[in-house]
There are 2 protein chains.
Amino acid sequence: MSAINERRERERARRHQLIVTAARELAEVEGWEAVTTRRLAERVEYSQPVLYSHFKGKDAIVGAVALDGFSELAPRLRRAREAAAPEPGDALRAVCLAYLEFATERPALYQAMFVLPTDLKFASDETPPPLRAAFDEFVNCFSPDDDRRELFAEVTWSALHGMAVLSGSGRIPPGSQDDRLDFLVSQIAGTPAD
Amino acid sequence: MSAINERRERERARRHQLIVTAARELAEVEGWEAVTTRRLAERVEYSQPVLYSHFKGKDAIVGAVALDGFSELAPRLRRAREAAAPEPGDALRAVCLAYLEFATERPALYQAMFVLPTDLKFASDETPPPLRAAFDEFVNCFSPDDDRRELFAEVTWSALHGMAVLSGSGRIPPGSQDDRLDFLVSQIAGTPAD
DNA sequence: ACGACATTCTAGCGGCGCTAGACATCCTGC
DNA sequence: GCAGGATGTCTAGCGCCGCTAGAATGTCGT
């Protein structure tokens, strides 16, 4: 009774991850507009309704992929920050660079995390830990004494997101991203805001 | 022959604008996901295929609405900039504030301009004038002597766009937008980059 | 008045997210 | 060992989407 249900639970969790991975791969190869419930079902070799026994709807699948993405982004930012010298400017620069690299390397994943509508809760008590962890990497680039460091992190993140998404859609020239990054970091870290 | 065709042309242009306006209003009231070709056709009291005699597809309709948006945004930024004192910092602040106000006042229009996929050409030779004009308002906030002012404008715009879109989707708390704006402007205008 | 042309509509294609209800499979208690 | 009920899966289909072919309607120059 118990052992059987455990096995079932394992199989279920396995299939859950199978769906998420398939969705992510499909999105990364062909873009999110190609991720339909039919194609996804065919790819995991189950019929459509099983998707709905795991997820409330398509948005929830996108949300699960996004969560996967945060679990990848957070340690990546962390490693970048720790590898940098302890000068505050260097850490900030390293984290920002790692962020932009992530955005250009995994555009579909990035979209799921920051552009597409999902049911993920941001900036609240029920914010999933990986999500919080990624944001905290930005916060930790600023002095713990400064009680405005969350604000600084929000602005930094906003600027990076804007750069990522506007250059990704061709609204600003994708070439000069490095120059923009240099300027941004120098301005944010440059003057220790009044 | 000529007069008749002129009348036809006029009627056609009139109906073109009717479609664009209807799409915009529908989007502003119910969001873009409610803007379907069927509902739009019903609203302008024509059948679906006439939409396709004016626009190549739905993306082109969104693009036309976006262009409308730029024609509104550009003079708004311009007025804000000219109303501000000539000190560079003040102008930048005024333009940024006007931009964010536009984004929160007209979220659907803003989405069409900057988020949804359209067939508008940015940052190229065939960029429509209103689009270029809006961007130039940011450029003109910086000294004409500095040959990096385009770069500054791109970063400023990116940051604002990030703030607008992340707070609009609840990914950063929508409340502290003013504080973020203060910080951003002080950092960008504060130190005259290296 | 009428043939030629342009315009607009009806009807429908294939695909979407999602779900009801039939069907198979497996565990449990006798 | 087996009936019966719970569990899981599938087939089929609903209402909607963007888009288009071809019929029907109207309009114009001669």
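Quick note on labels: first sequence line is chain A, next is B, and so on, each numbered from 1. Atoms considered below: every heavy atom in the structure, side chains included; atoms not considered: hydrogens, waters and symmetry mates. Note that the structure is predicted; figures quoted are calculated from it, not measured.
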Just how far, in rounded Å, is [atom2] of [N] from [atom1] of [X]?
X: B:Glu11; N: D:dG26; atom1: CD; atom2: C1'; answer: 13 Å
X: A:Glu42; N: C:dC16; atom1: CD; atom2: C1'; answer: 15 Å
X: B:Leu51; N: C:dT7; atom1: CG; atom2: P; answer: 16 Å

Name all residues meeting the ring pair (Phe, Tyr, Trp, His ring centres under 6.0 Å) criterion together with A:Tyr110; count only those two or more places apart in sequence or in a different chain, and write none if there are none.
A:Tyr99, A:Phe114, A:His161

Going by ring pair (Phe, Tyr, Trp, His ring centres under 6.0 Å), name the residues that satisfy it together with B:Phe55, two or more places apart in sequence or in a different chain.
B:His16

Could you list the residues that satisfy side chain to side chain contact (heavy atoms under 4.5 Å, CB included) with [X], not counting sequence neighbours?
X: B:Ser71; answer: B:Pro130
X: B:Val185; answer: B:Leu92, B:Arg93, B:Cys96, B:Leu181
X: B:Thr118; answer: A:Arg171, B:Val62, B:Leu120
X: B:Ala94; answer: B:Ala80, B:Ala84

Short N/O separations, protein against nucleotides 22-24 of chain C, under 3.5 angstrom:
none

Charged N to carboxylate O under 4.0 angstrom, A:Glu45 versus A:Arg15?
no

Please work out if A:Arg15 contacts a base, only the sugar-phosphate, or nothing of the nucleic acid, heavy-atom cut-off 4.0 Å.
sugar-phosphate

Letter by letter from the 5' end, nucleotides 10-22 of chain D scores (B base, S sugar-phosphate only, - none; protein heavy atoms under 4.0 Å) BB-B---BBBBB-

Can you name the residues that form a side-chain hydrogen bond (donor to acceptor under 3.5 Å, both in side chains) with B:Arg24, not counting sequence neighbours?
B:Glu28, B:Glu72

